[in-house]
Protein chains: 2
Amino acid sequence: MGQESSYKDKKVISIGVVSELTGLTERKIRYYEEKKLIYPERTNRGYRKYSFNDVERLMEIADHREEGVTTKEIKYELTRKERKEAKQKMIKGQINARFGIQKN
Amino acid sequence: MGQESSYKDKKVISIGVVSELTGLTERKIRYYEEKKLIYPERTNRGYRKYSFNDVERLMEIADHREEGVTTKEIKYELTRKERKEAKQKMIKGQINARFGIQKN
DNA sequence: CGTGTAAGGAATTCTGACACG
DNA sequence: CGTGTAAGGAATTCTGACACG
């Protein structure tokens, strides 16, 4: 429970497949990286690798772009959203620490 | 609940990445496919694509091979295991159909 | 049977740049 | 600013085959 993210976060998808999955051109995907909206990893040889989370994020980005939202604004939104989620996670951690299942 | 498999089953990983993930050579991975131990999909251009499930399966195969189990025997084991899981799933489905949450 | 390897070709991905607006 | 495209090179993947055992 609460740790089913292992697959969703693993960076293993090539840009070509991400392009198919999202409908975005590779050019756009690379551009959003340049603008720090997304952070793929790299293989030894420098090929980009994305996670399913990245794919979802790219689809959100695409939706916003279609509505005319600039990359800068999208970045702001995305960052805000992340802070919020990180906070939720932390609170949950604190609760578990006091009332949750003991680890030993 | 019970349908978190979407990522695990999606075929999106190239053979090169699968090779890194499993430690198997591409030759071996292709051979296991030839022997029907695994069923990757293909991109438009014919490149193999694997799921995380396939990766796990390959690691099981690797373990068995290390112990000297032949591909034929492994295939038998894997098939048996699948039948078992399919059965569980079906039973669960029947229970839900009678006592589970209504769909309409 | 299971796996390595060299072979040749086709498709992928990468970067930096010019273009348009 | 956001995206297309042509450019040249490097790395990936594919198949069929020969090798060994």
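Lettering of chains follows the sequences in order, A, B, ..., and the numbering in each one begins at 1.
- For DNA chain C, the residues of residues 16-34 of chain B within the heavy-atom distance limit of 4.0 Å (strictly under) are B:T25, B:R27, B:K28, B:Y31, B:Y32, sorted by number.
- Within residues 38-54 of chain B, the residues approached by DNA chain C to less than 4.0 Å at the level of any non-hydrogen atom are B:R45, B:Y47, in residue-number order.
- The interatomic distance linking B:I13 (CD1) with D:dT12 (P) rounds to 17 Å, in whole Å.
- B:I15 has its CD1 atom 18 Å from the C1' atom of C:dT13, to the nearest Å.
- Of the charged side-chain nitrogens involved, at least one lies within less than 4.0 Å of a carboxylate oxygen, so that B:R57 and B:E82 count as a salt-bridged pair.
- Residues A:E33 and A:P40 have side chains in contact (heavy-atom distance under 4.5 Å, counting atoms from C-beta outward).
- Contact check on B:R48 versus B:E34 returns no salt bridge, with no Lys/Arg side-chain nitrogen under 4.0 Å from an Asp/Glu carboxylate oxygen.
- Note on residues 10-45 of chain A: no pairs pass ring-ring contact (aromatic ring centres under 6.0 Å, His included), not counting sequence neighbours.
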Dot-bracket line, read 5' to 3' along DNA chain D, where crossing pairs take [ ] and | marks a partner on another strand, Watson-Crick or G-U under 3.5 Å: .||||.||.|.|.||.||||.
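- Under the 3.5 Å distance criterion, the side-chain polar atoms of B:R80 are left unmatched by any main-chain donor or acceptor of B:K84.
- Side-chain contact between A:I61 and A:L58 is present, with at least one heavy-atom pair separated by less than 4.5 Å.
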Distance-only donor-acceptor hits, side chain of residues 15-28 of chain B, under 3.5 Å, sequence neighbours excluded:
unit_1, atom_1, unit_2, atom_2, d
B:S19, OG, B:L24, O, 2.7
B:T22, OG1, B:V18, O, 2.8
B:T22, OG1, B:L24, N, 3.2
B:T25, OG1, B:K28, N, 3.2
B:E26, OE1, B:R30, NH2, 3.1

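- For the pair B:K35 NZ and C:dT3 C1', the interatomic distance rounds to 12 Å; values are reported in whole Å.
- Counting only residues at least two apart or on different chains, the ring-ring contact (aromatic ring centres under 6.0 Å, His included) pairs with a member in residues 44-85 of chain A are A:F52-B:Y7.
- Between A:S14 and the phosphate of C:dT12, there is no side-chain N or O to OP1/OP2 separation shorter than 4.0 Å.
- Minimum heavy-atom separation, B:T70 to B:R65: CA-NH1, 4.0 Å.
- Contact check on B:E60 versus B:K81 returns a salt bridge, with a Lys/Arg side-chain nitrogen under 4.0 Å from an Asp/Glu carboxylate oxygen.
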